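What follows is a short report on a single structure.
The sequence lines fix the lettering, A, B, ..., with proteins before strands; numbering per chain opens at 1. Because the structure is predicted, anything quoted here is derived from the model rather than measured.
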Amino acid sequence: MGLKIYNTLTRKKEPFVPVNPGKVGMYVCGVTVYDMCHIGHARSVVLFDVIYRYLLKSGLDVTYIRNFTDIDDKIINRATQLGEDWKHLAERFVKEFHFDMDALGVKRPSIEPKATDHIQDIISLISALIDTGHAYEADGDVMFSVTSFSTYGKLSGKKTEDLVSGARVEVDEKKKDPLDFALWKAAKIGEPFWNSPWGPGRPGWHIECSAMSMRYLGPTFDIHGGGADLTFPHHENEIAQSEGATGEPFAKYWIHNGFVNIRSEKMSKSLGNVLNIRDILKETHPEALRLFLLSSHYRSPLDFNDTSIREASVGLERLYAACASLEEIEEAAGRLSSLPVELSDLDSRFREAMDDDFNTPKGLAIMFEASRAINRIHTESGGDKDKIPAPDLLRKAGNELAGWARDVFGILNENPQDFLEKTRRSGTDELGITEDQIRQLLDERSEARKTRNFKLADEIRDKLLEKGILIEDGPEGSTWRVKQ
RNA sequence: GGCGGCUUAGCCAAGUGGUAAGGCGACGGUCUGCAAAACCGUUAUUCGGCGGUUCAAAUCCGCCAGCCGCCUCCA
């Protein structure tokens, strides 16, 4: 395959060559389980879900690891705040994470390891770092010595001198050098702890990912991913710890996704504009949210606002409408022996788009072009069998299209008729009119139209429109839908 | 202060050397009693500005302007 991936490590698009032919090891930093997941988490999780799905579709044997950080300062603080056992709190938010991600149609990774299940791996790794001279014990803590690792900064492009002069580094007497970071933290009174050669304590933030990735994928593996903010210091530190301990190269390709802004502002707790996935899904179809998240390139910033999410919803409906049209023209038993270009070679065109550093916007463009071609056949053939491609041709195109939409993008999983019907009447409850009343008014209007009383017919239509109901007259009578 | 990125139509957004995908919106047309939906057509002689390299640049180089991210927990 001709997959190219933009590698943060080299700042270039590079051909993807797996360490072991036919196999892929992929590790993505998951969430710290102390709160509900927001739209930013959704972007990262959906992106790597699509990457995982694409690698699987390419016939690769993928081992996909996504961890949970279930012991950390934030968890301890939140637990104290709520008067809840920290372990209970962590488990609760693991469940919430799964609830949201299942709703978003995210495939479960091969393994979802938790930091607390890997304390022994972590301790072994720290011991190895002490043995190799990359770490030192300091009063119950263990610190990583940044200056001991000569290539420190290679991922984020930082020089250690610049970092020191940046002067934003935390001062800590236990550190020999201000840049050093904790591998193991001695437990304070009342804090959760595990016993270790250095006394009771818990792992630092970065070490768990080194320990768990190497545990499941070996010292060298293919892809390591996460949000752009994790590049430094988290991933930089992971490299230092892992390569320092093993002496072998760590992850080969580093993939980082851009941030989601909310109405052009950075999403942050202080601005109070953090959007939870749970809340968004109350008003937005999960597939529309996926479509939105995949509508721009993964490394670009993405702005969440009323327009962008509405466009995604409209777009999803358009794709489903095309699916429904396709079913109809398939049943028409056409005799045309060729397909329009927009419906030809779909597999190779989708592959070309995804091979180019997972260009999902391009992939979506192919779907929209195909939809337009389907609609065109639908309306312009006028039922003329000589203008409709033969069913087997249409079926092939439809299968390719649906295959990519479902298997890779994770959309169009519903029955088109059911989806459209559901969308048509979604939100009726809030309009102050029942479906029976609508039906009744529609019947009245049909009568009026039969007798060519268009004044009354239009009055009824306007009245319904005021309520938010849109009427569509078709050859088989009138239908209604809730105006979006 | 250090490092990195971005700037493409009214809006969103692909495109990294060969002459501007796609979506939303708007306008005109077909259809309709009129609409709606759907389809067709139009909507960037041009890619922040100024120079340079080249037969050829949105794409490469330089300078300038504006915006953003990271350097501290953060997807």
Would you call [X] and [Y] a salt bridge, using N to O less than 4.0 angstrom?
X      : Y      : value
A/R202 : A/D72  : no
A/K185 : A/E191 : no
A/R78  : A/E84  : no
A/R263 : A/D303 : no
A/K175 : A/D141 : no

Select base, sugar-phosphate, or nothing to describe what [X] touches, counting heavy atoms under 4.0 Å on all strands.
X      : result
A/N375 : sugar-phosphate
A/L364 : nothing
A/V45  : nothing
A/L230 : sugar-phosphate
A/G227 : sugar-phosphate
A/E380 : sugar-phosphate
A/K74  : sugar-phosphate
A/R43  : nothing
A/R445 : base
A/G315 : nothing
A/G474 : nothing
A/F454 : base

Nearest-angstrom distance from the residue atom [atom1] of [X] to [atom2] of [N]:
X      : N     : atom1 : atom2 : value
A/L456 : B/C34 : CG    : P     : 18 Å
A/I460 : B/C34 : CD1   : P     : 19 Å
A/R349 : B/G22 : CZ    : P     : 11 Å
A/H235 : B/C71 : NE2   : P     : 13 Å
A/D100 : B/A75 : CG    : P     : 14 Å
A/H41  : B/C73 : NE2   : C1'   : 12 Å
A/K266 : B/C67 : NZ    : C1'   : 15 Å
A/R318 : B/C39 : CZ    : C1'   : 10 Å

Check against ring pair (Phe, Tyr, Trp, His ring centres under 6.0 Å), A/H256 and A/H235: CA-CA 10 Å; A/H256 293 99; A/H235 289 159; 5.0 Å; yes
I'd like the [atom1] distance from [M] over to [N], given in whole Å.
N     : M     : atom1 : answer
B/U16 : B/G48 : P     : 15 Å
B/C11 : B/G52 : C1'   : 34 Å
B/A44 : B/A9  : C1'   : 5 Å
B/G41 : B/G4  : P     : 46 Å

Is a side-chain donor-acceptor pair under 3.5 Å present for [Y] with [X]?
X      : Y      : value
A/E112 : A/H98  : yes
A/E14  : A/T10  : yes
A/N257 : A/S44  : yes
A/T69  : A/E208 : yes
A/S156 : A/E236 : yes
A/R43  : A/Y298 : no

Side chain of [X], heavy atoms from C-beta onward: which of [options] has the nearest atom to it?
X      : options             : value
A/F368 : B/A75, B/G23, B/C71 : B/G23
A/D473 : B/A36, B/C34, B/A38 : B/C34
A/S44  : B/A38, B/C71, B/A75 : B/A75
A/R452 : B/C24, B/G33, B/C39 : B/G33

Closest-nucleotide ordering on RNA chain B, the 5'-leading residue of A/S371 and A/V31: A/S371
Taking the nucleotide of RNA chain B with the nearest heavy atom to each, does A/I39 or A/R11 sit closer to the 5' end? A/R11
Heavy atoms within less than 4.0 Å of RNA chain B: which residues of residues 103-114 of chain A have one? Give them sorted by number. none
Does any donor-acceptor pair link the side chain of [X] with the base of [N] at a separation under 3.5 Å?
X      : N     : value
A/D458 : B/G33 : yes
A/R449 : B/G33 : yes
A/N261 : B/C68 : no

When you measure from the side-chain N and O atoms of A/W480 to the phosphate of B/A36, is any distance below 4.0 Å, counting only OP1 and OP2? no
Looking only at side-chain N and O atoms, does A/R376 come under 4.0 Å of OP1 or OP2 in B/A38? no
Taking the six-membered ring for Trp and the single ring otherwise, decide whether the centroids of A/F292 and A/F304 are under 6.0 Å apart. yes
Report the secondary structure of RNA chain B in dot-bracket form, marking unpaired bases with a dot and bases paired to a different strand with |, and treating Watson-Crick or G-U pairs with both distances under 3.5 Å as paired. ((((((((.[[[..)..(...]]]((((((.......))))))....[[[[[..)....]]]]])))))))....
Near-parallel close stack of A/F259 and B/A75 base (under 5.5 Å, under 30°): yes
For nucleotides 7-21 of chain B, read 5' to 3', which letter fits each nucleotide if B means a protein heavy atom sits under 4.0 Å from the base, S means only the sugar-phosphate is that close, and - means neither? ------SSS-----B
Looking at A/F232, I'd like to know if the NZ or CZ of A/K158 sits under 6.0 Å from its six-membered ring centre while staying within 45 degrees of the ring's axis. yes
For a salt bridge (Lys or Arg N to Asp or Glu O under 4.0 Å) with A/D356, tell me which candidate from A/K4, A/R349, A/K13 qualifies. A/K13
